[in-house]
Enquirer: 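Before I ask anything, here is the structure I am working with.
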Amino acid sequence: MLPVKSGTQVLKALLNGTTVGFACVSILYPAPKFSGQIFIKELFVKSEFRSSGIGQKLMAFIAKSAVGNHYERLDWLSVEFDYRAQKFYYSLGSNIVTDVVYRRVFGENLKVLAGKY
């Protein structure tokens with residue numbers, strides 16, 4: 001049975017009724033201490049609104065939700081060579097995780113794997 005607060009949420013950042021950013025987050029179980037964790041699949045702010053605090057407010061909102069629900073962590077992936085994003089995430093107090101390997105199966109290999117069952 002899945003916990004009540006699982007699944008995906010789309011969060012919008014609005015400015016004067018206009019969407020200027022969004023985040024797609026999923027609540028995953030289990031995490032440390034059998035709590036949940038929030039995984040941020042996407043975080044986007046329109047280019048003309050970057051460096052205005054919108055991204056920071058979205059991340060703070062997500063963090064507040066994590067803390068309020070007693071989730072132990074907040075995770076996301078980011079493009080290594082996007083130095084502006086890396087600087088932003090560093091400013092939030094995030095750490096780069098080096099003890100896991102991110103893997104992907106796609107294209108023809110996905111079809112081959114699917115055919116094995």
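Side chains included, hydrogens not; waters and symmetry mates left out as well; all remaining heavy atoms used. Bear in mind the structure is a predicted one, so any value in this text is a computation, not a measurement.
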Enquirer: Return the minimal non-hydrogen interatomic distance between Ser65 and Ile38, and the atom names on each side.
Expert: OG-CD1, 4.1 Å
Enquirer: Mind checking ring pair (Phe, Tyr, Trp, His ring centres under 6.0 Å) for Tyr89 and listing every partner two or more places apart, or none if nothing turns up?
Expert: Trp76
Enquirer: If the condition is side-chain hydrogen bond (donor to acceptor under 3.5 Å, both in side chains), which residues does Thr8 pass it with, not counting sequence neighbours?
Expert: Ser26
Enquirer: Is Leu28 reachable from Leu11 through a run of hydrophobic residues whose side-chain heavy atoms are each under 4.5 Å from the next?
Expert: no
Enquirer: Could you pull out every donor-acceptor pair under 3.5 Å between side chains of residues 98-117 and any protein atom, sequence neighbours left out?
Expert:
residue, atom, partner, partner atom, Å
Tyr102, OH, Arg104, NH2, 3.4

Enquirer: Passes side chain to side chain contact (heavy atoms under 4.5 Å, CB included), Lys46 versus Thr18? Steps please.
Expert: CA-CA 11 Å; Lys46 287 184 176 180; Thr18 301; 4.2 Å; yes
Enquirer: Could you check whether any side-chain heavy atom of Tyr83 comes within less than 4.5 Å of a side-chain heavy atom of Phe88, counting everything from C-beta outward?
Expert: no
Enquirer: Starting from Tyr71, can I reach Leu92 by hopping between I/L/V/M/F/W/Y residues whose side chains sit under 4.5 Å apart?
Expert: yes
Enquirer: Please name the pair of heavy atoms, one in Ile27 and one in Gln9, separated by the smallest distance, quoted to 0.1 Å.
Expert: CD1-NE2, 3.8 Å
Enquirer: Is there a side chain to side chain contact (heavy atoms under 4.5 Å, CB included) between Ile62 and Ile40 once you walk through the steps?
Expert: CA-CA 9 Å; Ile62 296 166; Ile40 302 170; 4.0 Å; yes
Enquirer: Counting only pairs under 3.5 Å, give me each side-chain donor-acceptor contact of residues 48-59, with atom names and distances, residues two or more places apart or in other chains.
Expert:
residue, atom, partner, partner atom, Å
Arg50, NE, Val45, O, 2.7
Arg50, NH2, Val45, O, 3.0
Ser51, OG, Arg84, NH2, 2.9
Ser52, OG, Phe49, O, 2.4

Enquirer: How would you list, by chain and number, every residue that makes a ring pair (Phe, Tyr, Trp, His ring centres under 6.0 Å) with Phe44, sequence neighbours excluded?
Expert: Phe22
Enquirer: Considering residues at least two apart in sequence or located in another chain, which fulfil the side chain to side chain contact (heavy atoms under 4.5 Å, CB included) criterion with Val10?
Expert: Cys24
Enquirer: Can you list everything that forms a side-chain hydrogen bond (donor to acceptor under 3.5 Å, both in side chains) with Arg73? Sequence neighbours excluded, please.
Expert: Gln37, Asp75
Enquirer: Mind checking ring pair (Phe, Tyr, Trp, His ring centres under 6.0 Å) for Phe61 and listing every partner two or more places apart, or none if nothing turns up?
Expert: none
Enquirer: Restricting to non-hydrogen atoms, name the atom on His70 and the atom on Ser35 that form the minimum distance, rounded to 0.1 Å.
Expert: O-CB, 3.4 Å
Enquirer: List the residues meeting side-chain hydrogen bond (donor to acceptor under 3.5 Å, both in side chains) with Gln86, not counting sequence neighbours, and say none if there are none.
Expert: Ser78
